[in-house]
Student: 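Structure in structure tokens, see below.
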Amino acid sequence: MKSPLLSLPGAVPAEGVDEGVAAHYGDLFREQRALANGTGFVDLSHRGVLTVSGEDRLSWLHLLLTQHVSDLPAGEATEALILSANGHIEHALYLVDDGTTVWAHVEPGTREALVAYLESMKFFYRVEVADRTDEFAVVYLPAGSIAEVPEGVVVRETPYGRDLFLPRADLESFAASHGPAAGLLAHEALRVEHHRPRLGFETDHRTIPHELGWIGTAVHLQKGCYRGQETVARVQNLGKPPRRLVFLHLDGSDVHLPAPGTELRLADEGPDGRKIGFVTSSVRHHELGPVALALVKRNVPIDAALLAGDTAAAQEVVVEP
């Protein structure tokens with residue numbers, strides 16, 4: 001779904017899974033600094049928007065999600081995962097309940113499969129699941145923003161900023177009164193800075209929540225049964241995950257960032273050494289320079305210098321070995 005804000009001056013379209021919104025509007029670092037200072041907004045209208053309404057919405061979602069939501073207070077933001085039977089991450093949902101309806105935004109390209117799964121699990125529960133992507137767009141206001149939220153708009157407030165579920169028809173008027181617009185690359189740079197995993201970027205077909213630090217923020221360890229809980233409990237109580245998320249400071253003299261999927265090796269083994277992980281997200285940050293998130297094998301020494309392809313990288317611990 002192509003955003004009308006791609007018509008704003010300087011807009012350069014994003015590519016890949018984020019196609020449909022602007023990657024930037026001509027000045028990546030200015031846009032990052034604006035967000036860091038609590039000004040501007042980011043168009044995230046390519047993300048999927050779902051609602052769950054009905055008397056049983058919270059108790060029903062509690063049975064399906066990794067998060068404790070049966071008593072979720074109205075207006076309180078949370079995030080949750082849906083796992084496979086083997087505990088691998090399949091979906092990530094960013095939620096808020098407005099008192100009558102649960103609103104969630106999800107990664108682009110995942111909403112149809114998620115809606116189908118939720119519909120298949122309704123059984124006798126009094127719930128209604130709806131795909132509202134055609135009607136509502138997600139807009140992000142950064143932490144510290146004093147921008148006024150239009151009346152009646154559902155807001156999901158987090159330590160990192162506010163997610164607005166804005167009527168899609170109001171996108172252009174919102175942009176005119178709440179600028180300047182910042183592109184998705186600026187939003188991604190702040191996400192990577194804060195070590196926040198993203199489904200489809202930090203995850204692959206075998207990722208479990210412990211590897212990414214999603215225990216606690218998206219996975220509640222003292223709640224009832226849900227699909228994949230056995231794996232979560234076993235790893236939490238008896239073992240360690242096979243991989244761990246790290247933050248990488250990359251050699252700033254390289255012109256090109258190592259792309260997601262770039263293999264990681266120990267620097268002392270050289271570019272032909274054994275593979276010990278891979279880059280998941282890489283960005284140019286306005287203060288930190290080129291940085292990345294990556295998954296490495298759990299037993300990689302935390303002080304080991306790494307190579308991301310041919311680029312030197314120093315790691316910072318995100319998930320403890």
Side-chain angles (χ1 to χ4, degrees), residues 1-8 11 13-23 41-54 57-58 60-61 64-65 67 69 72 75 77-82 89-122 127-141 149-158 160-175 178 181-184 187-188 191 196 198-201 203 218:
M1 189 174 295
K2 185 177 179 180
S3 171
L5 302 192
L6 284 171
S7 64
L8 292 178
E15 299 178 346
V17 69
D18 290 320
E19 183 179 5
V21 296
F41 72 93
V42 180
D43 175 13
L44 299 178
S45 61
H46 63 316
R47 293 184 66 83
V49 175
L50 312 178
T51 59
V52 181
S53 56
R57 66 189 183 283
L58 292 176
W60 176 69
L61 284 170
L64 305 178
L65 305 180
Q67 187 58 274
V69 297
L72 184 67
T78 192
E79 56 189 73
L81 308 174
I82 290 178
I89 299 169
E90 292 189 343
H91 293 283
L93 299 85
Y94 299 85
L95 309 161
V96 67
D97 185 85
D98 68 3
T100 61
T101 301
V102 174
W103 293 75
H105 64 82
V106 299
E107 289 294 336
T110 66
R111 60 188 171 98
E112 291 183 356
L114 176 56
V115 168
Y117 171 70
L118 293 176
E119 287 286 354
S120 73
M121 300 300 292
K122 284 170 63 173
V127 294
E128 292 296 330
V129 178
D131 182 350
R132 308 294 294 277
T133 310
D134 289 343
E135 304 167 68
F136 292 90
V138 180
V139 173
Y140 166 80
L141 294 175
V149 176
E151 186 176 354
V153 169
V154 175
V155 178
R156 180 179 176 272
E157 187 159 0
T158 77
Y160 305 102
R162 289 176 286 171
D163 300 331
L164 278 54
F165 294 89
L166 186 74
R168 192 169 287 273
D170 296 343
L171 261 176
E172 290 180 280
S173 61
F174 180 90
H178 290 75
L184 191 70
H187 187 267
E188 282 290 280
R191 176 183 72 83
R196 299 183 65 212
R198 184 178 172 191
L199 182 77
F201 286 67
T203 67

Student: May I ask you to test the L93-L114 pair for a side-chain heavy-atom distance under 4.5 Å?
Tutor: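 A side-chain contact under 4.5 Å exists here.
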
Student: Which heavy atom of V127 sits nearest a heavy atom of V52, and at what distance?
Tutor: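 Scanning both residues completely, I find the closest heavy atoms to be CB-CG1, 4.3 Å.
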
Student: How many angstroms lie between atom OG1 of T203 and atom NE2 of H91, to the nearest 0.5 angstrom?
Tutor: 11.0 Å

Student: R57 and T101: which non-hydrogen atoms are nearest, and at how many Å?
Tutor: NE-N, 3.7 Å

Student: When rounded to the nearest 0.5 angstrom, what is the spacing between CD in E128 and CD in E119?
Tutor: 7.5 Å

Student: Do L58 and V102 have side chains that approach each other closer than 4.5 Å (heavy atoms only, starting at C-beta)?
Tutor: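 In short, these two side chains touch, coming nearer than 4.5 Å.
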
Student: Given F165, which of V154, T51, V155 fulfils the side chain to side chain contact (heavy atoms under 4.5 Å, CB included) condition?
Tutor: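 Among the candidates, only V154 passes.
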
Student: Is there a side-chain contact between F201 and E188, using heavy atoms and a 4.5 Å cut-off?
Tutor: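 Yes. Closest side-chain heavy atoms under 4.5 Å.
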
Student: Measuring only between side-chain heavy atoms, which start at C-beta, is S45 closer than 4.5 Å to R168?
Tutor: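 SC-SC contact between S45 and R168 confirmed.
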
Student: Testing the basics here: between R196 and R191, what is the closest heavy-atom pair and its distance to 0.1 Å?
Tutor: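 Shortest heavy-atom separation between R196 and R191 comes out as O-NH1, 2.7 Å.
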
Student: First locate atom NE2 of H46, then atom CG of L184, and finally report the distance between them rounded to the nearest 0.5 Å.
Tutor: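 CG of L184 is found 5.0 Å from NE2 of H46.
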
Student: With a distance cut-off below 6.0 Å to the six-membered ring centre and an angular limit of 45° from the axis, does R47 pair with Y140 as a cation-pi contact?
Tutor: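 Pair R47/Y140 does not count as cation-pi.
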
Student: Does the side chain of I82 come within less than 4.5 Å of L65's, by heavy atoms?
Tutor: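 Yes, side chains in contact.
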
Student: Considering only heavy atoms from C-beta outward, does the side chain of L5 approach that of F41 to under 4.5 Å?
Tutor: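 The answer is yes, as the side chains (C-beta and beyond) meet within the 4.5 Å cut-off.
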
Student: Please report the shortest heavy-atom distance between A92 and V106, naming the atom on each side.
Tutor: O-CG1, 3.7 Å

Student: Where is the tightest heavy-atom contact between V149 and R162, given as atom of each residue plus distance?
Tutor: CG2-NH1, 3.3 Å

Student: If I compare all heavy atoms of E90 with all of L199, which pair ends up nearest, and what's the gap?
Tutor: O-CD2, 3.9 Å

Student: Tell me if a side-chain donor or acceptor on W60 pairs with a main-chain N or O of M121 at a distance below 3.5 Å.
Tutor: yes

Student: Going through the checks in order, is the side chain to side chain contact (heavy atoms under 4.5 Å, CB included) test met by L95 and Q67?
Tutor: CA-CA 10 Å; L95 309 161; Q67 187 58 274; 5.7 Å; no

Student: Kindly determine whether L164 and V138 satisfy side chain to side chain contact (heavy atoms under 4.5 Å, CB included), including the steps that lead there.
Tutor: CA-CA 6 Å; L164 278 54; V138 180; over 6 Å; no

Student: Can you check whether S53 reaches T100 side chain to side chain, under 4.5 Å on heavy atoms?
Tutor: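 No, side chains not in contact.
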
